[in-house]
Amino acid sequence: MTLEQKIGQFFFPAVFINDTEENIQATEALIRNHNIGGLTFFHSRASAATNYESKQKVIFNDDSYTKLKELIVRYQKCATTPLLMSIDAEWGLAMRIEKTPQYPYAITLGALPESEIDLVYEVGKQIGLDLKAAGIQYNLAPLADINNNPDNPVIGYRSFGENKEKVALFASAYLQGMSDAGILGCLKHFPGHGNTNVDSHLGLPILNENLDQLMQNELYPFIKGIENNVDSIMIGHLAVPELNDGKNTSATLSKNIIEKLLRNQLGFEGLVISDALNMKSVSDLYETKGELEWEAFNAGNDVLCFAEHVAEGIQAILKNATPERIEASFSRIMKCKEKVGILNGNNLFPDTNSNSIDFSISSALNSKIAENCLTQIITDSIPHRIQEASTTNSLAQLSIYNDGFATKVSQSINAPIFSITSGTPIDFISEIETYETLLISLFVPKAKPLHNFEIEDETLTYLSELLQTKDCVVYVFGNPYALQVIPNLALAKEIVMVYQDFEVFQEAAAQQLIQKLACKGKLPVSIKSL
């Protein structure tokens, strides 16, 4: 290859599964004309995380999985050098693609006891096998971020929790599972995005810790990952002034953070990939096309993820970079391609003979996780009291936003079900008043904390009143940080955290209640109100 062709390998532009034929052909031209190194798949332009301002509606497509595999075949056939296909699949292909296996969020896995770490390994392995079947060789996961800030708007449920040892341990198990499936992994977002309160898709978070503090906490999972030969590390769009001569420069554009800290001090020799270069924290910094790409490469990134100005970026790097630096990054990318076999023509294409997916494996695995992660937060021997209340007609069920759990419980426990649905006024207040004990199941609408996780104000007010006047047992299906927005929740007689709304999690929670089973999980984060 010429030097210019080698530089093309650094570019991983975004591609969208549900895109127009015109856009697809433009990507094919990029592949042919610029020898790009890989692609990063997203569902659609409307689903991209930076689409908060325009709020375009995401149009779902039941054929996304088939379309993904068809596109991978088309794009690989255009490439002179085999493409490294990547995707953000932290909890499986379902993060980007409809009707594909979904595994629990990292925060759910973080609730597992360490004795069940094999389940985390199996999640990594199964996600890897799912990606491999689709023709993808590189998963931009998992997070090594320690979520020690309950107000974090973007990490939260994507982190294994707030304990650095457990985050490091579980991230390592997840990575090993993927590696054993033949898939490259990636720890992100270096040097640690957990203790921030700004979404880097929209602005620049700032970490105020010094190096000693970071070494004690945020950097710990990355150091352990480096010791275990992690394939790649993603640099986050966040500023650490103490590491950067007091400047609020994004880590993705900082030689001090990438070359001095990550490469020289921590000894990382693997692939360094930037977080998406379309994110507002960096994308608006440079007016000249290609300048951002050059600055990111110059700071020490090998792979430029979601690069929007490929041709201009290649020329900027060709003009400014030394041949030695170009060769170093090129060598790292080729090493990764060699590891997954694509340079020899292996694992290049998806299995196009069958578009059907076997969900039985993911379902069985998720069921085991559900049985081991349920977490009892507050307890007052309510299961026994619930049985008594049901026999004296003093028990009612209140289901919020989903009747699944309540229906399963009702098969064994006699109690009327009152339901709150989104956008509908609560019209049964006087009827429920006659019951002394309430079994409440709350299905948290959103995983992100914006607008109280989209739990409606009327619902929160009503819950607060019930907690003050009734014997309440509360089962929560969703992000545990949602517990913080429920007023007077500490007055509940019992709280069980279920984490996911999957059918198998609802079934596990119902059986735990009915059979009075012990909860094996541990809350992976601290909750301010409890």
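Basis for what follows: all heavy atoms, side chains included, without hydrogens, waters or symmetry-related copies. Computed from a prediction, not measured in an experiment: that's the story for all the values here.
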**Student:** Measure the CD-CG distance between Gln126 and Leu119 for me, rounded to the nearest 0.5 Å.
**Tutor:**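 Output value for this atom pair is 11.5 Å.
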**Student:** Indicate yes or no: does Glu98 engage Lys67 in a salt bridge with an N to O separation below 4.0 Å.
**Tutor:**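 Judged by the 4.0 Å cut-off on N to carboxylate O distance, Glu98 and Lys67 do not form a salt bridge.
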**Student:** Roughly how far, to the nearest 0.5 Å, is CG of Leu187 from CG of Leu140?
**Tutor:**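 It comes to 11.5 Å.
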**Student:** For a quick test of reading the model, state the closest non-hydrogen atom pair linking Pro13 to Gly38 and the distance between them.
**Tutor:**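 Minimum heavy-atom contact is CD-O, 3.4 Å.
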**Student:** Mind listing the closest non-hydrogen atom pair of Ile378 and Ala490 along with its distance?
**Tutor:**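 Between these two residues, the closest heavy atoms are CD1-O, 3.9 Å.
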**Student:** Any side-chain to backbone donor/acceptor pair from Ser283 onto Met279? Under 3.5 Å, distance only.
**Tutor:**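 Yes; judged by distance alone, with no hydrogens or angles, the pair exists.
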**Student:** Counting N and O atoms only, with roles assigned by atom type, does the side chain of Ser159 sit under 3.5 Å from a partner on the main chain of Gly156, one being a donor and the other an acceptor?
**Tutor:**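 Here the side-chain-to-backbone pair does not exist.
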**Student:** Test Glu507 against Lys408 for salt bridge (charged side-chain N to carboxylate O under 4.0 Å, His left out), laying out the working first.
**Tutor:** CA-CA 7 Å; Glu507 182 62 37; Lys408 294 178 188 301; 3.6 Å; yes
**Student:** For Gln515 and Leu513, indicate whether the former's side chain and the latter's backbone hold a donor-acceptor pair under 3.5 Å.
**Tutor:**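 Pair absent, no side-chain N/O of Gln515 close to backbone of Leu513.
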**Student:** Please tell me if the side chains of Phe418 and Ile426 come closer than 4.5 Å, counting only heavy atoms from C-beta onward.
**Tutor:**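 No; the side chains remain at least 4.5 Å from each other.
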**Student:** Spell out, as yes or no, whether a donor-acceptor pair under 3.5 Å connects the side chain of Asn479 to the backbone of Ala447.
**Tutor:**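 Yes: the side chain of Asn479 pairs with the backbone of Ala447.
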**Student:** Assign the ring pair Phe306 / Phe42 to parallel, tilted or perpendicular, where the plane angle (0 to 90°) is split at 30° and 60°.
**Tutor:**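 Tilted.
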**Student:** With a 4.5 Å limit on heavy-atom distance, are the side chains of Ser44 and Val58 in contact?
**Tutor:**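 Contact flag for Ser44/Val58 side chains = yes.
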**Student:** Quick one: does Leu109's side chain get under 4.5 Å of Leu112's, heavy atoms only?
**Tutor:**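 Yes, close enough: below the 4.5 Å cut-off.
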**Student:** Does the distance from a Lys or Arg side-chain N to an Asp or Glu carboxylate O, for Lys188 and Asp275, drop under 4.0 Å?
**Tutor:**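 Salt bridge: no.
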**Student:** Side chains of Phe160 and Pro142: closer than 4.5 Å at any heavy-atom pair?
**Tutor:**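 Yes, close enough: below the 4.5 Å cut-off.
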**Student:** Taking the six-membered ring for Trp, are Phe477 and Phe443 parallel (under 30°), tilted (30 to 60°) or perpendicular (over 60°)?
**Tutor:**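 Rings of Phe477 and Phe443: parallel, under 30°.
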**Student:** Would the distance check show the side chain of Thr461 and the main-chain N or O of Asp457 forming a donor-acceptor pair, the cut-off being under 3.5 Å?
**Tutor:**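 Yes, Thr461 side chain to Asp457 backbone: donor-acceptor pair under 3.5 Å.
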**Student:** Less than 4.0 Å between a side-chain N and a carboxylate O, is that true for Arg74 and Glu21?
**Tutor:**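 Salt bridge: yes.
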**Student:** Should Ser86 and Leu39 count as side-chain neighbours, where that means a heavy-atom distance under 4.5 Å?
**Tutor:**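 Result no, sub-4.5 Å side-chain heavy-atom pair not found.
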**Student:** With sequence neighbours excluded, give me every side-chain hydrogen bond (donor to acceptor under 3.5 Å, both in side chains) pair touching residues 417-426.
**Tutor:**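 Passing the test, one end in residues 417-426: Ser399-Ser419, Asp403-Ser419, Thr421-Thr424.
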**Student:** Mind running salt bridge (charged side-chain N to carboxylate O under 4.0 Å, His left out) on Glu433 and Lys470 for me, showing each step along the way?
**Tutor:** CA-CA 9 Å; Glu433 188 61 35; Lys470 303 289 183 183; 3.7 Å; yes
**Student:** Quick one: NE2 on His237 to CG on Leu277, what's the gap to the nearest 0.5 Å?
**Tutor:**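 Between His237 NE2 and Leu277 CG, I get 5.5 Å after rounding to 0.5 Å.
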**Student:** Taking all atoms of both residues into account, what is the closest heavy-atom pair of Phe505 and Asn366, and its distance?
**Tutor:**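 Here Phe505 and Asn366 meet closest at CE1-O, 3.6 Å.
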**Student:** Could you state the interatomic distance from CG (Leu467) to CG (Asn488), rounded to the nearest 0.5 Å?
**Tutor:**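 Here the rounded value is 6.5 Å.
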**Student:** Heavy atoms, side chains only, cut-off 4.5 Å: are Glu90 and Tyr157 in contact?
**Tutor:**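 Glu90 does not reach Tyr157 side chain to side chain.
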**Student:** Looking at Ile72 and Met85, what are the two nearest heavy atoms and their distance?
**Tutor:**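 Smallest heavy-atom distance, with atoms named: O-CE, 4.1 Å.
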**Student:** Determine whether the side chains of Thr20 and Asn23 contain a donor N or O and an acceptor N or O closer than 3.5 Å.
**Tutor:**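 Yes, a side-chain donor-acceptor pair sits under 3.5 Å.
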**Student:** Quick one: CG on Leu374 to CD on Gln512, what's the gap to the nearest 0.5 Å?
**Tutor:**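 One finds 6.0 Å between CG of Leu374 and CD of Gln512.
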**Student:** Would you call the rings of His43 and Phe60 parallel, tilted or perpendicular if under 30° counts as parallel and over 60° as perpendicular?
**Tutor:**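 Ring orientation, 0 to 90° scale: tilted.
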**Student:** Stepwise, does the side-chain contact (heavy atoms from CB on, under 4.5 Å) test hold for Ile486 with Leu442?
**Tutor:** CA-CA 11 Å; Ile486 304 171; Leu442 169 61; 3.6 Å; yes
**Student:** State the CG-OG1 distance between Asn208 and Thr196, to the nearest 0.5 angstrom.
**Tutor:**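 Between atom CG of Asn208 and atom OG1 of Thr196 there are 11.0 Å.
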**Student:** Kindly indicate whether the side chain of Lys69, heavy atoms from C-beta on, has any atom under 4.5 Å from the side chain of Val73.
**Tutor:**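 Side-chain contact under 4.5 Å: no.
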**Student:** Evaluate side-chain contact (heavy atoms from CB on, under 4.5 Å) for Asp88 paired with Arg96, printing each intermediate quantity in order.
**Tutor:** CA-CA 8 Å; Asp88 225 340; Arg96 300 294 185 204; 3.2 Å; yes
**Student:** Name the residue from Tyr105, Tyr499, Tyr103 that meets the ring pair (Phe, Tyr, Trp, His ring centres under 6.0 Å) definition with Trp91.
**Tutor:**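 By the ring pair (Phe, Tyr, Trp, His ring centres under 6.0 Å) criterion, Trp91 pairs with just one of Tyr105, Tyr499, Tyr103: Tyr105.
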**Student:** Between Asp471 (side chain) and Glu436 (backbone), is there a donor-acceptor pair under 3.5 Å?
**Tutor:**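 Flag not set: sc Asp471 to bb Glu436 has no pair under 3.5 Å.
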**Student:** Do any N or O atoms from the side chain of Gln506 and from the backbone of Asp501 form a donor-acceptor pair under 3.5 angstrom?
**Tutor:**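 Checked: pair present.
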**Student:** Check whether any side-chain N or O of Ser232 sits under 3.5 Å from a backbone N or O of Gly185 as a donor-acceptor pair, and report yes or no.
**Tutor:**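 Indeed, once roles are kept as given, a pair shorter than 3.5 Å links the two residues.
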**Student:** Counting only N and O atoms by type, is there a donor-acceptor contact under 3.5 Å from the side chain of Lys164 to the main-chain atoms of Ile146?
**Tutor:**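 Not at all, since once roles are kept as given, no pair shorter than 3.5 Å links the two residues.
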**Student:** Show your working on side-chain contact (heavy atoms from CB on, under 4.5 Å) between Tyr138 and Ile273 and close with a plain yes or no.
**Tutor:** CA-CA 12 Å; Tyr138 185 14; Ile273 179 171; 3.6 Å; yes
**Student:** Can you find a heavy atom in the side chain of Tyr220 that is under 4.5 Å from one in the side chain of Val167?
**Tutor:**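 The answer is no, as the side chains (C-beta and beyond) never meet within the 4.5 Å cut-off.
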**Student:** With side-chain contact (heavy atoms from CB on, under 4.5 Å) as the criterion, how do Gln387 and Lys516 come out once you've worked through the C-alpha distance, each side chain's angles and the decisive distance to 0.1 Å?
**Tutor:** CA-CA 10 Å; Gln387 300 289 351; Lys516 306 172 191 174; 4.0 Å; yes
**Student:** Give a yes-or-no answer on whether the side chains of Ser441 and Asn402 include a donor-acceptor pair shorter than 3.5 Å.
**Tutor:**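 No, Asn402 and Ser441 have no side-chain donor paired with an acceptor closer than 3.5 Å.
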**Student:** With no hydrogens and no angle check, is any side-chain donor or acceptor of Ser274 less than 3.5 Å from a backbone partner on Cys305?
**Tutor:**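 It does hold such a pair.
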**Student:** Do you know which two heavy atoms are closest between Gly192 and Leu207, and how far apart they sit?
**Tutor:**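 Taking every non-hydrogen atom into account, O-CD1, 3.0 Å.
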